[in-house]
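Okay, so here's the structure we're looking at.
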Amino acid sequence: EPAVEKDNDEDAAIPADPGVKNYSFAVVGGEVYYRENSVMLRQKLNKTSKERVKGLVKLRTCVRELIDLQMDEYTPDSALQPKQAELNRLYDSYTRKYGLINDRANRLAFDRDSSYYLLCSLEILDDDGRLKRKADMFSKRTIKQHHSVTHVDTASDAITVSIGERGRVDLGYMSRLTGKTEAEIITELRGVIYRDPVLGDWQTADEYLSGNVRKKLRQAQEAAGQNPAFQINVDALAAVIPRDLDATEIEIRLGATWIDPEYVQQFMYETFSTPQNLRKEIQVYFSRRSAEWFISKKNKISFKDVSAYSTYGTGQASAYRILEDSLNLRDVRIYKTVVDKDKTERWVLDSKATTLAAQKQQAIREAFKDWILRDPERRRTLVNVYNEKMNNIRPREYDGSHIVFSGINPEITLQPHQLNAIAHVLYGGNTLLAHEVGSGKTFEMIAAAMEAKRLGLCSKSIFVVPNHLTQQTASEFFRLY
C-alpha cells in the first residue's frame, strides 16, 4: 500500500501557497499538504511517513536556498559555508533515522514531490545502491555563472567563440568580437571556413569537407566557373575525395539498387535465352519508391523452355521467378498443399523442392557475378557509377573542445571522448552513442540536450529510458546541472 493517501475530510483542502511549487509537499500547521494546481490537499499519513515527509521538506528547503545563493555570482564561497553546514546537519540527522533518500521507503513517501529527484542527486551511490559519497553540493560551489566573451583579438579565436556560443560560423558576431570587417575575417580564415555555393552560408572545414564530397565537388566546380572565389572549394574538396576503387575491389551482387535495371535485363535475356518475341513483354523494373524489383509477364514463358524450368529453374519455380526473388534479396520458397484427416487443406513448405530451387538460385547468382564485369565497357561504366554513388562519403570528425556548457557543474570535467560525442549530437543529426558501459553516455545525453536548447537547436528534448533507470537518470541530470 502507498504511504500517502488523500484526506477526504471537507476541510482537507486549502488555497495553494504561491511559495510552494506545484506537485510538491508542504507543512502547514504541523500537517502535511500536497499542492495540486490551485489547492493544497491534506495528506493522511501514518506517523512514520509523516515524519519522513517533514524531514525531506526541510532538506528540500535548505537545498533550494543553497541553490539560490549559488545563483548569485556575487555571493562569495565563504558565504555558502553556513548553508552547506546546515545541509550536512539536516542530511546526517535524516539518514540516521530513515536511511538514504534513495531508499524504497523514502521513495514511496516522497516521490510524488517535484523535487524528489533533486534530493536523490545529493547521494552518489555505487552499483549496489549503497552510499559512495555525498554530492559536491555539500562542500563545493556547483553552480557557476556563464560569462559570454565580448572581445577577442584574432579571427581564429572568434570562430571558436562563434561555434561555442552560436553553434555556427556567424561572421557578423565574429566581426563584433574582433572589431574587424567580415572581409578581413574571411581572409584570415582562408582554408578554415568555406562558403557553401548551394546554401550560401559559411561552414567550418570539418563540416564542409565531409559528407557526399563528390556531389559537393561538382557543385563547387560549377560555381567556380561563374565565380573564381570558389576555386578554393574545388581544390580542398579534390584533396579529400575518397580514392577510386577498381573492379577487383568492388563486389556487385544481384539486388544492388545502384545497378541500372537495363544491365539486369540484359543478363536475364542472355543467360536464360529469352525468346525474341517475348522480350518486349518480359522486362525488369525497379521502383525507387518501394525499393523493389519486378519482372513483368514472367509467367508467359513456356514450360518447355529448358533454360527457364531446368537449367536455372525447376518445375515449380521458373528462372524468372527465382531471379526476381534474388533481386529482392529473398530466399526462394516452394510450398505444397496437404490434406488433413478432417479434409481441410493447408500450405506447407516443400523441403525437397525448396532445396532444389535454392541450388538454382545460387547458380543464377554465380552466373551474374561472372557475367556482370565480363564486358570491358560495362565494367568501366559500373565502376564509375559505384564510385560516384557509393564511394562518395567522407566521415566528419567532431571536435567538442570549444563547447561552453553554460550552467554545468564546474566540479565535473567531461572527458575528450564525451566532448566529441556531444559535438556529434549537436552538429551531426542522428547519433549513436556506442560507448562501453560506464564511459559517460548519460552525461553526454544530458549535456547535449542542454546545449542544444541554449544554442536554439531545439526547444524541448525527450529522454526515453527503461523504467528502472528513470530515478537514476533524473539524479544524474541534477548532479550535472
Side-chain angles (χ1 to χ4, degrees), residues 155-156 159-160 162-164 166-171 185-186 188-253 256-260 288 291 379-403 415-435 444 448 451-452 455 457:
S156 59
I159 190 172
T160 300
S162 179
I163 297 298
R166 302 294 175 91
R168 58 188 175 87
V169 178
D170 187 333
L171 290 177
I185 292 174
I186 292 170
E188 287 187 36
L189 294 179
R190 182 180 177 85
V192 178
I193 61 174
Y194 294 88
R195 186 179 183 185
D196 189 311
V198 176
L199 300 177
D201 63 344
W202 288 87
Q203 301 173 7
T204 57
D206 64 318
E207 179 181 3
Y208 183 68
L209 303 179
S210 62
N212 190 338
V213 288
R214 292 185 187 273
K215 180 180 179 181
K216 289 183 177 180
L217 178 58
R218 290 197 306 272
Q219 294 169 344
Q221 289 170 334
E222 182 178 342
Q226 302 175 358
N227 184 351
F230 286 107
Q231 185 60 42
I232 186 175
N233 297 43
V234 175
D235 296 339
L237 287 166
V240 299
I241 291 291
R243 177 184 65 84
D244 282 350
L245 302 177
D246 58 37
T248 62
E249 299 174 287
I250 300 173
E251 183 177 6
I252 304 177
R253 298 182 180 182
T257 57
W258 59 272
I259 300 176
D260 192 318
R288 296 289 174 189
R379 180 171 63 247
R380 185 163 46 253
T381 301
L382 287 170
V383 167
N384 290 339
V385 171
Y386 181 87
N387 280 307
E388 179 65 29
K389 291 187 174 182
M390 310 301 292
N391 184 29
N392 56 17
I393 301 296
R394 181 175 186 257
R396 180 176 176 181
E397 296 180 1
Y398 294 89
D399 179 11
S401 59
H402 62 272
I403 302 178
Q415 299 301 309
H417 76 274
Q418 292 177 297
L419 298 176
N420 296 341
I422 293 166
H424 195 163
V425 174
L426 293 176
Y427 312 129
N430 294 340
T431 306
L432 171 65
L433 303 174
H435 310 319
E444 291 171 2
E451 275 301 289
L455 295 171
L457 302 177

- prompt: Side chains of Leu171 and Ser162: does their closest heavy-atom pair fall under 4.5 Å?
  reply: no
statement: Nearest heavy-atom approach of Ala223 to Pro197 is CB-CB, 3.6 Å
- prompt: Do Val169 and Asp201 have side-chain heavy atoms sitting under 4.5 Å apart?
  reply: no
message: Test your reading of the model: is there a side-chain donor-acceptor pair from Gln231 to the backbone of Pro228, 3.5 Å cut-off?
response: no
- prompt: Given side chains that start at C-beta, do those of Val234 and Gln221 come closer than 4.5 Å, heavy atoms only?
  reply: yes
- request: Check the surroundings of atom CZ in Arg166: do more than 12 heavy atoms from other residues, nucleotides or ligands lie under 6.0 Å from it?
  value: yes
task: Output, in order, the C-alpha distance, side-chain angles, deciding distance and verdict of side chain to side chain contact (heavy atoms under 4.5 Å, CB included) for His424 and Leu433.
output: CA-CA 9 Å; His424 195 163; Leu433 303 174; over 6 Å; no
field: Sub-4.5 Å side-chain heavy-atom contact between Tyr208 and Leu237
entry: yes
message: For Val383 versus Leu245, what's the shortest heavy-atom pair and its separation?
response: CG1-O, 3.3 Å
message: Quick check on Glu222: does its CD atom have over 12 non-hydrogen neighbours (other residues, nucleotides or ligands) under 6.0 Å away?
response: no
- request: Measure the spacing between OH of Tyr386 and CD1 of Ile259 and express it to the nearest 0.5 Å.
  value: 11.0 Å
field: Minimal non-hydrogen separation, Arg195 against Gly200, with atom names
entry: NE-O, 3.4 Å
- prompt: How close do Val425 and Ala448 get, heavy atom to heavy atom, and via which atoms?
  reply: CG1-CB, 3.6 Å
- prompt: Got a second to check how far Ile422's CD1 is from Thr431's OG1, nearest 0.5 Å?
  reply: 11.0 Å
Stepwise side chain to side chain contact (heavy atoms under 4.5 Å, CB included) test for Asp399 and Asp206: CA-CA 9 Å; Asp399 179 11; Asp206 64 318; 5.7 Å; no
- request: Taking the side chain as every heavy atom from C-beta outward, state whether Leu419 and Ile403 have any atom pair closer than 4.5 Å.
  value: no
task: Give the minimum heavy-atom separation between Ala236 and Leu209, together with the two atoms involved.
output: CB-CD2, 3.8 Å
- request: First locate atom OH of Tyr427, then atom CD1 of Ile163, and finally report the distance between them rounded to the nearest 0.5 Å.
  value: 6.0 Å
query: Do Ile252 and Trp258 have side-chain heavy atoms sitting under 4.5 Å apart?
result: yes
- request: Report, as yes or no, whether the 6.0 Å neighbourhood of atom CD on Glu249 holds more than 12 heavy atoms from other residues, nucleotides or ligands.
  value: yes
query: Out of Lys215, Gln219, Lys216, which one pairs with Val198 under the side-chain contact (heavy atoms from CB on, under 4.5 Å) rule?
result: Gln219
task: Would you give the length of the straight line joining atom CG of Asp196 to atom CZ of Phe230, rounded to the nearest 0.5 angstrom?
output: 8.0 Å
message: Testing the basics here: between Tyr194 and Asn233, what is the closest heavy-atom pair and its distance to 0.1 Å?
response: CD2-OD1, 3.9 Å
message: side chain to side chain contact (heavy atoms under 4.5 Å, CB included) for Val213 and Ile393? Distances and angles first, verdict last.
response: CA-CA 6 Å; Val213 288; Ile393 301 296; over 6 Å; no
query: Taking atom CD of Glu188 and atom CD1 of Ile193, what is their separation to the nearest 0.5 Å?
result: 10.5 Å
query: If we only count heavy atoms from C-beta on, is the Arg214 to Asn387 side-chain gap below 4.5 Å?
result: yes
- prompt: What's the verdict on side chain to side chain contact (heavy atoms under 4.5 Å, CB included) for Glu444 and His417, showing C-alpha distance, side-chain angles and the deciding distance?
  reply: CA-CA 10 Å; Glu444 291 171 2; His417 76 274; 3.7 Å; yes
